[in-house]
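Presented below is the structure to which this report refers.
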Amino acid sequence: MASHPGAALRLLLLVTGLRAGLFQQGEHQNLVTEDITVVEGEVAVISCRVKNNDDSVIQLLNPNRQTIYFRDVRPLKDSRFQLVNFSSNELRVSLSNVSIEDEGRYLCQLYTDPPQEAFTTITVLVPPHNLVIDVQKDTYVEGEEVEMNCTAMASKPAAAIRWFKGNKELQAGKMEVDSMEDKMFRVRSQLTLTAKREDDGTPIVCLVDHPAVKDLQTQQYLEVQYKPLVSVSVKYPQGLTREGESLELICSATAKPSPDKVKWQRLEDDLPEHVVMSGDSLVFGNLNKTDNGTYRCEASNIVGSASADYTLFVYDHPTTLPPPTTTFTTTTTTTTIPIIIPDTWAGNETPLVVDHAVIGGVVAVVVFAMLCLLIILGRYFARHKGTYFTHEAKGADDAADADTAIINAEGGQNSCEEKKEYFI
């Protein structure tokens, strides 16, 4: 009579239970396992380990309580489960090509008296699929508002979305998280920014943070149109613009799209007849004073127009001035200082330049000469200082007029000479 597989399994369990009863007085046995986190499509390894096993039977069951392995036998008809290791201390089984349906609690069971059980939970991570950036239009004009949406489809758990412009992280707008079937999530993040000319050709990156994947990102390049940025430069000469010389001005304009044309004009007057316009250049063949004025370069495209000005001032040929001379005397100091007024640069006002060192030296010499003069005069008056006697005519004070005073004075002198005393 053929034996039924179920009857043989029950008989094996009965024998195992009897053996467990015989060893129930032995050392304590511990059943150990741990939880597992695995990415969808990869391999999960389930391990049921026993410490101090006495040859008790170990079996592994799925979340539906179906036996996957009984000892080293696999009753379940799922070839994705394969035996990795079987011994008296461990039952290790691998599950390949894991899917979201394999998630749940698996049971390790040890036939002892009483039986021991340990649960291991398999968590399946699902990376986002179809990471997409949606934009309202392909081309923006400088100053317009740009709105982008990045969507990460079907992920578990929900993904986190970050935005970057080049290498600089941006502040994201609102984020929406929608639940889907099979514990999946759809995440949508919105970004709003103002288009600038420096953003043209810059990648806007949508980056996903998720435990199941690294460096998952997608990007969208911005195309920004902007009006011209205009500047005027001098190709030659290097330095001042003088009569009789040549001058070439270059008009540079950066824009997207490129400027349709570049136009030169002279403010408040017509262009000189001898000036030649060649592309972006304005060439003066023989400068003269009548060329003085402000010249404007203007460029335009479909976005707008812009201009830049250049002020031209034509100078005479330089002249040579005599060198500075200084003359000193004992009482005064005369200094001749030529003040050199250089030509101003074309298009710019330059302030008067005076050599302060020369002025300071002259002032010092003048002060020194005055001090020397004061010292000499002081010494002279000190040497000629003395007592002076005057012979005033006596009786002049009592005279009524000048003639009388003179007569009195002469008479006084004679009387003085006549008054003499003789001693015998």
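All values below were derived from every heavy atom in this structure, side-chain atoms included, with hydrogens, water molecules and symmetry-related copies excluded.
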- prompt: For N64, does the CG atom have more than 12 heavy-atom neighbours from other residues, nucleotides or ligands under 6.0 Å away?
  reply: yes
query: Excluding sequence neighbours, so at least two apart, what forms side-chain hydrogen bond (donor to acceptor under 3.5 Å, both in side chains) with N301?
result: none
Smallest separation among heavy atoms of S56 and L110, with atom names: CB-CD1, 3.6 Å
message: Assess the residue pair E248 and S281 against the criterion (side chain to side chain donor-acceptor pair (under 3.5 Å)); give the C-alpha distance rounded to whole Å, side-chain angles, the decisive distance to 0.1 Å, and a yes or no.
response: CA-CA 7 Å; E248 181 175 354; S281 302; 3.2 Å; yes
statement: E40 and I100 have their tightest heavy-atom pair at OE2-N, 4.3 Å
message: Listing request: all salt bridge (charged side-chain N to carboxylate O under 4.0 Å, His left out) pairs with a residue in residues 122-131, at least two apart in sequence or in separate chains.
response: none
- line: Rounded to the nearest 0.5 Å, the CG atom of D199 sits from the CD1 atom of I204 at a distance of 6.5 Å
- prompt: What is the minimum heavy-atom distance between P128 and H210, and which atoms define it?
  reply: CD-CG, 4.0 Å
message: With no hydrogens and no angle check, just 3.5 Å: does a side-chain donor-acceptor pair link Q59 and Y111?
response: yes
task: Grab the two heavy atoms, one from A253 and one from P228, that are nearest each other, plus how far apart they are.
output: CB-CB, 4.4 Å
task: Considering non-hydrogen atoms only, spot the tightest contact between R74 and L76 and give its length.
output: NE-O, 3.1 Å
message: Working to the nearest 0.5 angstrom, can you tell me the gap between I133 CD1 and M148 CE?
response: 6.5 Å
- prompt: Distance-only, no hydrogens or angles: does the H129 side chain make a donor-acceptor pair with backbone N or O of P127 under 3.5 Å?
  reply: yes
task: Could I get the full list of ring pair (Phe, Tyr, Trp, His ring centres under 6.0 Å) partners for Y295, not counting sequence neighbours?
output: F284
field: Qualifying residues under salt bridge (charged side-chain N to carboxylate O under 4.0 Å, His left out), relative to R92, sequence neighbours excluded
entry: E90
statement: All heavy atoms of Y221 vs all of P203, minimum pair found to be CE2-CB, 3.6 Å
statement: Rounded to the nearest 0.5 angstrom, the CG-CZ distance for L247 and R242 is 13.5 Å
field: Residues which pass salt bridge (charged side-chain N to carboxylate O under 4.0 Å, His left out) with D35, listed by chain and number, not counting sequence neighbours
entry: none
Distance, nearest 0.5 Å, that separates OG1 of T121 from CD1 of I36: 9.0 Å
- prompt: Salt bridge between K156 and D182, side-chain N to carboxylate O under 4.0 Å?
  reply: no
task: Hey, could you give me the CD/OG1 distance between Q219 and T202, rounded to the nearest 0.5 Å?
output: 11.0 Å
- prompt: Could you give all pairs that pass the salt bridge (charged side-chain N to carboxylate O under 4.0 Å, His left out) test and reach residues 205-219, with sequence neighbours left out?
  reply: R162-D209
query: Would you say the side chain of Y106 lies within less than 4.5 Å of the side chain of N62, judging by non-hydrogen atoms?
result: yes
- prompt: With a 4.0 Å cut-off, would you call K256 and E142 a salt bridge?
  reply: no
query: Within the side chain of Y69, is there an N or O that forms a donor-acceptor pair under 3.5 Å with the backbone of L83?
result: yes
query: So, E223 and K137, do they make that salt bridge, N to O below 4.0 Å?
result: no
query: Can you check whether V124's main-chain N or O pairs, donor with acceptor, with E103's side chain at less than 3.5 Å?
result: yes
Presence of salt bridge, R188 and D178, under 4.0 angstrom: no
query: What distance separates D291 CG from T241 OG1, expressed to the nearest 0.5 Å?
result: 9.5 Å
